[in-house]
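Just so we're clear, the structure is a prediction, and the values are computed from it rather than from any experiment. Proteins come first, then strands; the chains are lettered A, B, ... in the order of their sequence lines, and each starts at number 1.
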2 protein chains.
Amino acid sequence: MKNKITLKELAKLLNVSISTVSKALNDSSEISPKTVERVKELAALHKYRPNPVAVNLKSSKSGTIGVVIPNISNTYFAQVLLGIEAKAQKEGLQVITYISNESFEREKQIADMLTSGFVDGVLIAISEATHRARNYDHIFNILEYEIPVVLYDRTNIDIPVDKIGIDDEKSFEDATRLLISKGIKRIGLASAIHHLGVGKLRIKGYQKALSEGMEQLVTASSRHQVLVDGIKDLLVNKKVEAMLCTDFVSAMLVYRMAYENKVEIPKDLKMIGFLNKDVAQHLTPSISYIEQFPEEIGKNAMEMLIKRMNGKLMPEKNTHKIINTELIHLESTRFN
Amino acid sequence: MKNKITLKELAKLLNVSISTVSKALNDSSEISPKTVERVKELAALHKYRPNPVAVNLKSSKSGTIGVVIPNISNTYFAQVLLGIEAKAQKEGLQVITYISNESFEREKQIADMLTSGFVDGVLIAISEATHRARNYDHIFNILEYEIPVVLYDRTNIDIPVDKIGIDDEKSFEDATRLLISKGIKRIGLASAIHHLGVGKLRIKGYQKALSEGMEQLVTASSRHQVLVDGIKDLLVNKKVEAMLCTDFVSAMLVYRMAYENKVEIPKDLKMIGFLNKDVAQHLTPSISYIEQFPEEIGKNAMEMLIKRMNGKLMPEKNTHKIINTELIHLESTRFN
DNA sequence: CTGAAAGCGCTTACAG
DNA sequence: CTGAAAGCGCTTACAG
């Protein structure tokens, strides 16, 4: 088993040429059925499998795609990867994973790797640092190598590539409207990611939904204590009846502040957050959350990339697909 | 930029042979310094980079390693991947990710892929289903292809490969002893993963630590309602003073049952769980947890694999490395 | 010091 | 229907 059998060895054993073996295995119509059968039989016997590296060299394809993930500890991204991997597996593609750790420098290094010929296509969510730097040269560089790129999240930047993501703004706009429709007047929002694109969009959606005369009650900070104080102020002094949270950290802080200040969820306070399902549903009380369907996003991103790689998409024209989010009602938005 | 420049083209431009260019770029001592300089200059100008596929074909190496992950939504595994990726990046290796979804069938398919020549080495955590089936033929098959394999978790099976993981038994034995040393007599344990290897080991550690005369207070089930009832029984009827939880789900259920039955943490109940840091520290109250250092595990696994691939480890002799866990005290084990 | 040649394992026009 | 030849892009013994 040690050394895998090659076409050459197969050819020798069969007393035919390498070409014949190759063609037979690829079901070429040039080869007689009998030969095909003989070849396939022996190949099966020896468990022959073509050396993918050699095949790649011939075809100038690598059969792999690169996936760049800003933060794998974020369950959202982990699930996107799950969707990507599942689809890739079906298509016989290998997934090479790169983790940028939200670093601009690391992302540039990765982009450099990606252009060295390892991958046929790229799926990427741009790092936070890159967004801040507003420097996308390394992405353009990938495109110059004619490697298709699909953005699978954080799509709010102007690069001529295909994109897929959710509508962050609409998700919170809808959530806010729903609360309003239930007669809630004082709706607060907490955010630890107000400086990020997605954070901004979610806040914007909330603001958009507030009707005339409704007070904006927002607290946002990436500094722990500031956010804690801001949330406490909203809960205790501003007497909000509901809180929207743009992220995990702010949601968990609202939780804590509610607990410490004897604000009962959902009796005194409704709550909706951008949380992953696993955490949201296991908390006590469970928190209503915005389902983003990350696996679906991964799968769709992969599909888009494959189409683009196969020239099935119009050149010079990029697609931007939106996956609809869904507000999942759990205990924290129970109205009695 | 479209088509990458090759050695051949470089050679033509320089009026030297392909061999010379190749050697010059690889700093061969055969080539005159002047030529080396000329070659490198032009190569840099054209941003020449060797085609990795061609290099691989020559060297019969792929420069990639395969990582098999049972469940990427589990933050623990995501963090292991983070450690692996970081180390791989330093070594110039590519990481191909495969997700088995805890499925035996899927794992076998993946094992098949792995032997087809894509990877030089494999890092794997065996799926739950495979453990249940106790069928490791596909792993042996990888070994027959002389592809080194390292188990990076769930190491309690008898396969002749290098392994790295934590000591699940000891982690809970130590935790239990600590509670005992604080004068706690009635220590309960809840588990939703008692049927898995790691679950069994953790429970065993707890049992081992209980001194003579101390009552074993265990509730374990993978059926939601059974576990809920069991936990409630421990908290309300059996009046436990502390709870150990082997996993996320059981911890969250203890939480809920404590809340619903007005059992206050940590006043009435101490709590320690196998949780990831992010969740543990953001809960209210925060839960003391067993830190497993997943990144460290990933890094070490990669290091072991590299050593094995480079023949730096004794053949016929496998290493089993243990990473020590640490009990992190948060609010749920506050003793006043 | 430089280059022609062989070869890694394949595929595929082309000739017979 | 089969096979010799060229070639994918590289490396490396060998000859000069």
Canonical and wobble pairing (Watson-Crick, G-U, under 3.5 Å) of DNA chain D, dot-bracket with | = |||.||||||||.|||
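- Comparing C:dT2 with D:dG9, their P atoms are spaced 25 Å from each other, to the whole Å.
- Within the structure, salt bridge (Lys or Arg N to Asp or Glu O under 4.0 Å) pairs that include any residue of residues 14-26 of chain A comprise A:Lys23-A:Glu30 (at least two apart or interchain).
- In the model, A:Thr97 has a side-chain atom that pairs as donor or acceptor with a side-chain atom of B:Thr97 under 3.5 Å.
- Contact annotation: the side chain of B:Val21 never approaches that of B:Ile18 to less than 4.5 Å [non-hydrogen atoms, C-beta and beyond].
- A:Lys299 NZ: 12 or fewer foreign heavy atoms inside a 6.0 Å radius.
- Comparing the P positions of C:dC10 and D:dC1 gives an interatomic distance of 25 Å, to the nearest angstrom.
- Residues from residues 14-32 of chain A lying near DNA chain D, meaning a heavy-atom separation below 4.0 Å, are A:Val16, A:Ser17, A:Ser19, A:Thr20, A:Lys23, A:Glu30, A:Ile31, A:Ser32 in numerical order.
- Residue pairs meeting the salt bridge (Lys or Arg N to Asp or Glu O under 4.0 Å) criterion with at least one partner in residues 32-46 of chain A, sequence neighbours excluded, are A:Asp27-A:Lys40.
- At least one donor-acceptor pair closer than 3.5 Å links the side chain of A:Lys4 to the backbone N or O of B:Ser116.
- At distances below 3.5 Å, at least one donor-acceptor pair connects side-chain atoms of B:Asn318 with backbone N or O atoms of B:Pro160.
- Residue pairs meeting the ring pair (Phe, Tyr, Trp, His ring centres under 6.0 Å) criterion with at least one partner in residues 41-89 of chain B, sequence neighbours excluded, are absent.
- The minimum heavy-atom distance between A:Gln292 and A:Ile323, with the atom names listed, is O-CG2, 4.3 Å.
- Within residues 52-63 of chain B, the residues having any heavy atom closer than 4.0 Å to DNA chain C are, in order of number, B:Leu57, B:Lys58.
- For residues 111-122 of chain B, proximity to DNA chain D is found at no residue, defined as any non-hydrogen atom under 4.0 angstrom from a strand atom.
- First and last contacts of DNA chain C with chain A, using any nucleotide atom under 4.0 Å from a protein heavy atom and ordered 5' to 3', fall at C:dC8 to C:dC14.
- Evaluation of the ring pair (Phe, Tyr, Trp, His ring centres under 6.0 Å) rule for B:His131 yields no partner, not counting sequence neighbours.
- The salt bridge (Lys or Arg N to Asp or Glu O under 4.0 Å) pairs that include a residue from residues 93-104 of chain B are B:Glu102-B:Arg154, where partners are two or more places apart or lie in different chains.
- Scored by the ring pair (Phe, Tyr, Trp, His ring centres under 6.0 Å) test, A:Phe104 finds A:His138 as partners (sequence neighbours excluded).
- For the pairing with A:Ile96, the side chain to side chain contact (heavy atoms under 4.5 Å, CB included) check across A:Ile65, A:Val122, A:Thr64 returns one residue only, A:Thr64.
- The salt bridge (Lys or Arg N to Asp or Glu O under 4.0 Å) pairs that include a residue from residues 109-128 of chain A are A:Asp112-B:Arg49, where partners are two or more places apart or lie in different chains.
- The two residues A:Arg308 and A:Pro148 come nearest to each other via the heavy atoms CG-CB, 3.5 Å.
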